[in-house]
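Below: the structure, in C-alpha cells.
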Amino acid sequence: MKAPALGSWFARKEIEPPADIASATLRSDRFRLEREGDWRRLEAIVARMEKGGLKRVDDEDLLALPTLYRTAASSLSVARETSLDAATLRYLESLVQRAWFQVYGPRKGFFAWLREFLFGGWSRAVREIWLDVCIALFVMVTGTIVGWLLVAEDSEWFYRLVPTGLADSRRPGASREALADTLGVEDGSGGLSTFAAMLFSNNAGVCILAFALGFAFGIPSLMLLVHNTAMLGAFLWLFADAGLGIEMAAWLSVHGTTELFGILLAGAAGLHIGRSMAFPGSRTILAAAAASGRRAAVVMVGVVVMMIVAAFLEAFPRQLVGSTEGRFAIGGIFLAFWLSYFYLYRPRTLAESEA
Amino acid sequence: MVTPEGLALPVTVASRGSRVGALVIDFIIVIMGIFLVQLLFSLLFWAVLDEDFDPASGAISAAGEFVIILAILLIFVARYGYFLAFELSPRGATPGKRAVGIRVAARGGGRLTPEAVIARNLIRDIELFMPFIFLLLAPSGEQGNAGIAGLIWFGIFMAFPFFNKDALRAGDVIAGTWVVEAPRTKLAEALSTQGAAAAEGTSDLTGVRYDFGEEELSVYGERELQTLERILRENQPEALSAVHAAICRKIGWDPGAGDERAFLEAFYAQLRAKLEADMRFGKRKADKFS
C-alpha cells in the first residue's frame with residue numbers, strides 16, 4: 001500500500017474555508033477562519049460515525065480522523081490562550097469532546113465482544129469470583145437443609161415457605177400417587193415451548209434480581225438465595241417423605257443442574273459487588289464497586305445464557321424423558337459441561353496477557 | 001477530563017432534571033412499544049386460532065403457541081435490550097437521552113466498555129422496574145404491604161443521585177459510569193467579518209467609522225465582552241439599544257439613536273482586539289472591576 005502523502009491528509013475537498021479572511025480585523029478570527037475548514041470536516045466525520053459506526057466513513061476520512069482530531073484539540077488550546085470569542089470556544093470544546101468519544105471510544109463491536117465473551121471472558125470472570133461462589137454455595141446448601149429440617153419438624157412450615165400457586169397438588173399429606181403424577185411425563189409437546197419461554201423470562205428476572213440486590217452489601221442476595229433454597233428443601237422433604245426422593249432428584253436434576261448453577265452464579269455476582277463495597281481495600285469505594293460491577297456483569301450475561309438453556313431443558317427433555325436414569329444422565333452431562341467450561345477451559349487470550 | 005494530548009476538556013455532569021426528562025421519554029417509548037407489540041400479537045393470536053378452538057381444553061395450535069413465545073421474548077428484549085442497545089451505540093445515549101442532549105460516559109475519562117453498560121442497566125431493574133411492578137400490584141391488596149415497601153424502595157433509589165455531587169445513580173456507581181452533557185453546538189459566524197466590525201467596515205447607515213480610544217475601551221473586561229457578543233448574536237433591537245445607551249453613558253458619549261448595531265459591532269471588535277492584544281502579553285482583565 002502506498003503511504004498517503006502528508007499533504008493529502010489536509011486536503012479540503014467539499015468544505016472550502018470562507019474566502020473573506022482578509023476582512024477579519026482580529027488576529028484570533030483570522031486564526032479561526034484559516035482552520036474552520038478542518039473543524040467542519042471533522043464535525044462531518046464525527047456526525048457520520050455517531051450515526052452508524054465506522055462503516056459509513058470512507059478510508060480517506062478515517063485516515064484523516066486522528067490528524068483532524070489533533071488539529072482541533074490544538075486549535076482549542078491555542079484559542080483558549082488567544083481568543084475571546086466565546087461562541088468559537090464553546091463550539092471547539094463540544095467538537096473536541098465529541099471527537100474524543102469517537103477516537104477513544106469503544107473499538108470493539110458487539111459481535112467481537114460476544115466472541116471474546118464466549119471464548120474466555122465468561123469462564124475467566126466466573127473463576128475470578130470463586131470466593132463468592134463458595135460463599136453462595138454454602139448459603140444455598142444451608143438453605144436447603146434448613147428448609148428440610150423446618151418442614152420435617154412441623155409441616156405447617158411448608159405453607160409458609162412455598163407460595164400457594166406453586167404447590168397445587170404438591171402439599172403435605174398428598175398421596176404418593178398424586179406426587180408421582182406431578183413428576184410424570186406429559187403426553188405431548190403441546191404448550192411446552194410457551195412454558196419454556198415463560199420460564200426463561202421469569203428465571204432470568206429472578207437472577208437479575210439476585211444480582212442487583214447485591215448492591216446493598218450483598219445481604220439481600222443471600223436472603224433471596226436462602227429463601228429459594230429453603231423452598232427447594234421443603235419440596236425435597238415432601239417427596240422424600242413419600243418415598244420418592246430419588247425420582248424427585250432425577251426430575252430436578254435435568255434442568256436444576258443448569259438453573260441452580262445459574263442462580264448460584266447470580267447470587268455470587270451480587271455478593272461480589274456487595275463484598276467489594278463493604279471491604280474496598282486500598283481503593284476508593286467507587287473504584288472498587290466499578291471494578292467488581294463490570295466483572296459481575298460479565299457473569300450475569302452468562303447467567304442469562306444459562307437460563308435460556310435451563311428453560312429449554314425444563315420444558316422439553318424433563319417432561320418427555322421419563323426414566324430416572326435418563327433424567328440423571330441429562331442433568332449430569334450438563335453439570336459436567338458447566339464445571340469443565342468454567343474451571344478447566346482456560347484459553348490464553350490477548351486480553352489476559354494484557355491484564 | 002484530560003485527553004491523552006494533555007488537554008483539559010470540561011465535562012458537565014448532566015442535571016438531574018434532564019435525566020428525569022430523558023427517562024420519561026424512554027419510558028414512554030418502551031411502554032408504547034410493549035403495548036403495540038401486545039396489540040399486534042393478540043391480533044395475530046386470534047388470527048391463527050382455529051375456528052374449532054375449544055376453550056375448555058385450553059389446547060392451542062402450534063402457530064398460536066409460536067406467537068405467544070415471540071411475544072414473551074420480545075417483551076423481555078424490550079425490558080432489558082432497549083437501554084443496552086442504545087447505550088452501546090457510538091452515541092452512548094438512548095433516544096430520550098439524545099433528545100435532551102446527554103450521554104453515558106466512563107467516569108474519569110476511560111473507554112465506555114460493554115461490561116459497564118450491561119452492569120448499569122441490570123441495576124436499573126431494581127431501581128425502576130421492580131418497585132414499579134410493586135406499585136402496580138399494590139392496589140389489589142394481594143401483596144399486602146409490598147406496595148408501601150415498593151414506594152420506599154423507589155424513593156431510596158430515586159433520591160440516590162441527590163446525595164452525591166456527580167448525580168450518580170446506583171447503576172452508575174456499580175458500572176463506573178456517569179451521565180454528562182453532550183452539547184452539539186454549531187459554529188457561529190465570525191463577528192469580526194461583519195458590518196462595522198470588519199477591517200474596512202463602516203456604518204451602513206451613516207458611513208461613519210466608529211473609533212474608540214484606549215481610555216474608552218479600558219472600562220470593560222472579558223465578561224462584558226462576552227455579554228456583548230451574546231447580545232450581538234441574538235440581535236434583539238430593544239436589547240441592542242439598551243446596551244448602546246449603557247455603554248455611551250459609561251464612556252461619556254452622547255447616545256444617538258438608529259445606528260446602534262454598527263456602533264456595538266465596532267465597539268465589540270475594538271474591545272476584543274485590545275483585550276486579546278493584552279492577553280498576548282499575559283495581561284487578562286476578567287471584568288470591569290478588575
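Just so you know, these numbers use all the heavy atoms, side chains as well, and skip hydrogens, waters and symmetry mates. Below, chains carry the letters A, B, ... as their sequence lines are ordered, and counting in each starts from 1. Not measured: the values here are computed from a predicted model.
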Is there side-chain contact between [X] and [Y], with heavy atoms separated by less than 4.5 Å?
{"X": "A:R294", "Y": "B:T113", "value": "yes"}
{"X": "B:E181", "Y": "A:S94", "value": "no"}
{"X": "A:L286", "Y": "B:L168", "value": "yes"}
{"X": "A:M277", "Y": "B:I174", "value": "yes"}

Heavy-atom contact with chain A under 4.5 Å, split by part of B:E276:
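For B:E276, heavy atoms of backbone and side chain both lie under 4.5 Å from chain A.
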Let me know if B:A116 has heavy atoms under 4.5 Å from chain A in its side chain, its backbone, both or neither.
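Answer is both: backbone and side chain atoms of B:A116 are under 4.5 Å from chain A.
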Looking at A:R295, is its backbone amide N or carbonyl O close enough to the side chain of B:E115 to form a donor-acceptor pair, meaning the two atoms are under 3.5 Å apart?
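The answer is no, because no donor-acceptor pair under 3.5 Å joins these two groups.
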Would you mind telling me which of B:A182, B:G171, B:A170 has the largest number of heavy-atom pairs within less than 4.5 Å of chain A?
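Of the candidates given, the most pairs with chain A belong to B:A170.
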Tell me every residue that passes side chain to side chain donor-acceptor pair (under 3.5 Å) with B:E224, counting only those two or more places apart in sequence or in another chain.
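For B:E224, no residue satisfies side chain to side chain donor-acceptor pair (under 3.5 Å) once neighbours in sequence are set aside.
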Could you work out, with side chain to side chain donor-acceptor pair (under 3.5 Å) as the rule, every residue matching B:R91, not counting sequence neighbours?
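Side chain to side chain donor-acceptor pair (under 3.5 Å) check on B:R91 returns nothing, list empty.
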About how many Å separate CG of A:L89 and CD of B:Q226, when rounded to the nearest 0.5 Å?
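Here the rounded value is 7.5 Å.
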Presence of salt bridge, B:R233 and A:D85, under 4.0 angstrom
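A salt bridge is present here (some side-chain N lies under 4.0 Å from a carboxylate O).
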